[in-house]
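Input: a single structure, listed below in structure tokens.
The figures that follow rest on heavy atoms only: side chains count, while hydrogens, waters and symmetry mates do not. As the structure lists them, so they are numbered: ligands from 1, and atoms in each ligand from 1. Just so it is clear, the structure is predicted and the values come from calculations on it, not from any experiment. Sequence positions, counted from 1, serve as the residue numbers for this chain.
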Amino acid sequence: MIIALIATSLKKLSSDQVGLKYDTINKNLDETPQKEGLHNGPPGFEFIIFPSVYKTLTFDDLRCLNKDGVIITLDVSYQYKAQPAKLHEIAMNFKDYEGYKKVLQFTGESALHEACSYFDTAQFQAERVRFQETVRNVTVRKYATLYSDITDLQVSNIARPAEYEDAIRSKERAREDIEVAKNERPRLLTEAMTKYREANTTAEILIDKAESEARILQNRAAQEAAAIIEQYQKESEAYKEILSPTGLGFTIDGFISYMGVRVISSAKNPVYIGMKSPAQTSYLP
Ligand SMILES: *[C@@H]1O[C@H](CO)[C@@H](O)[C@H](O)[C@H]1NC(C)=O
Ligand SMILES: *[C@@H]1O[C@H](CO)[C@@H](O)[C@H](O)[C@H]1NC(C)=O
């Protein structure tokens, strides 16, 4: 009997627990939290046990609507712990740790929805740090009314809808392509200029060459013309000499006959001549 009484009036709390004594017979809940160790109480008492250390709460792929009404998917985790001084009120309100944990879970989710609604899609991209701070602030505020402290809150993933990500990515790609084209432009211009200069130089060379060849031909023609004129001049001098009375003293008829003989003798082909008769083939005086 004594052993049985002692067994039912001795309860143990481990190092990570804190508890309130509850007298199941008189329905009386103690106000002072007890820590690790062996405790005795009225026969048949129980401990209403809460963790004395921080516990982790995780939200994976939580979907919320942002300020623009776009669905954002979040991974969030943080640690929470009931305030020991408020354990009595917590137990009165939520019965036990299981009930309390459920309320903390729902409240945390509601805090995430609230924080989500303060940010538009662009802000989710640009202000991740401020978003995490907002999530922390809202959660801390809501958890304070439940006598729970929060630490180590992490927003580890913020995902926008796939179509939105695709649109952003193709916009980025287009911008990069434009940059590449802009960077290429001077190079292409230089290339084109180089080709133009090469072609220009080649053209100049060809023009110079053609001009100098033309000059040479012109000079040669002029020299030949001069030589021919000189030759005829010499010949005409000679003929003048032949005809002059102080020279050989040819008559005109004799001279023409001489010229005729010269033409005929230097001709390569047969020559046919029509002459007035009586023909005179010798003009010697
Ligand atoms: C979070 O709360 C702190 C302290 O109240 C405040 O200084 C800060 O501006 C808040 N941050 C955001 C993003 O609301
Ligand atoms: C070559 O370039 C010069 C200077 O740019 C220009 O004056 C000239 O007309 C060009 N030559 C040809 C054949 O285009």
Side-chain angles (χ1 to χ4, degrees), residues 51 53-87 89-90 93-94 100-101 103-161 164-165 168 184-219:
V53 293
Y54 279 99
K55 289 284 178 185
T56 304
L57 193 56
T58 319
F59 296 92
D60 284 330
D61 294 337
L62 181 121
R63 288 150 65 86
C64 58
L65 289 177
N66 75 0
K67 205 174 180 177
D68 300 327
V70 171
I71 296 172
I72 304 289
T73 311
L74 297 173
D75 289 350
V76 178
S77 75
Y78 51 83
Q79 299 196 310
Y80 65 92
K81 192 177 77 161
Q83 296 164 4
K86 298 291 184 181
L87 229 49
E89 275 171 274
I90 292 170
N93 280 316
F94 307 108
Y100 185 51
K101 210 167 76 174
V103 174
L104 288 181
Q105 168 112 21
F106 293 141
T107 307
E109 198 172 318
S110 123
L112 291 180
H113 283 291
E114 182 183 327
C116 216
S117 71
Y118 292 139
F119 285 73
D120 64 27
T121 313
Q123 285 171 318
F124 269 102
Q125 171 73 6
E127 302 175 28
R128 288 176 174 239
V129 173
R130 203 168 70 82
F131 176 67
Q132 176 163 312
E133 204 181 311
T134 304
V135 170
R136 185 185 299 114
N137 281 5
V138 174
T139 312
V140 164
R141 167 161 56 74
K142 285 183 181 282
Y143 270 36
T145 65
L146 301 173
Y147 310 116
S148 173
D149 296 326
I150 291 241
T151 185
D152 202 20
L153 183 141
Q154 304 286 342
V155 178
S156 53
N157 186 30
I158 301 175
R160 291 165 303 186
Y164 189 89
E165 294 291 342
I168 295 268
E184 284 276 281
R185 191 151 60 184
R187 191 178 64 75
L188 293 177
L189 264 177
T190 309
E191 255 177 45
M193 273 315 284
T194 308
K195 279 206 181 108
Y196 168 73
R197 286 208 196 90
E198 276 171 18
N200 180 292
T201 309
T202 309
E204 298 277 339
I205 289 170
L206 286 175
I207 289 170
D208 282 353
K209 204 170 140 200
E211 276 173 357
S212 97
E213 274 170 9
R215 259 195 312 278
I216 289 168
L217 282 176
Q218 214 173 18
N219 281 343

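Residue contact check: N200 has heavy atoms under 4.0 Å from atoms 1 (C), 2 (O), 3 (C), 8 (C), 10 (C), 11 (N), 12 (C), 14 (O) of ligand 2. The distance from ligand 1 to the heavy atoms of R130 drops below 4.0 Å at these ligand atoms: 13 (C). For ligand 1, the atoms sitting less than 4.0 Å from at least one non-hydrogen atom of T134 are 13 (C), numbered in the order shown with element in parentheses.
Residue I72 comes nearest to R160 through the heavy atom pair CD1-CG, 3.8 Å, listed as atom of the first residue, atom of the second, then distance. Considering every non-hydrogen atom in both S148 and Y80, the closest pair reads OG-CB, 3.6 Å.
Taking the six-membered ring for Trp and the full ring otherwise, the centers of Y143 and Y78 sit less than 6.0 Å from each other.
The pair R130-E133 does not meet the salt-bridge criterion, since no charged nitrogen lies less than 4.0 angstrom from a carboxylate oxygen.
Protein heavy atoms are absent from the space less than 4.0 angstrom from atom 7 (O) of ligand 1. The nearest protein heavy atom to atom 14 (O) of ligand 1 is closer than 4.0 Å.
With a 6.0 Å cutoff to the six-membered ring centre and a 45° limit on the axis angle, K81 counts as a cation-pi contact of Y54.
Closest protein heavy atom to atom 5 (O) of ligand 2: Y196 OH, 4.4 Å. Among protein heavy atoms, the minimum distance from atom 9 (O) of ligand 1 is reached at E133 OE2, 4.0 Å.
Comparing V135, N137, V138, V140 against atom 12 (C) of ligand 1, the shortest heavy-atom distance belongs to N137.
Counting non-hydrogen atoms of other residues, nucleotides and ligands closer than 6.0 Å to CZ of R185 gives a total of 12 or fewer.
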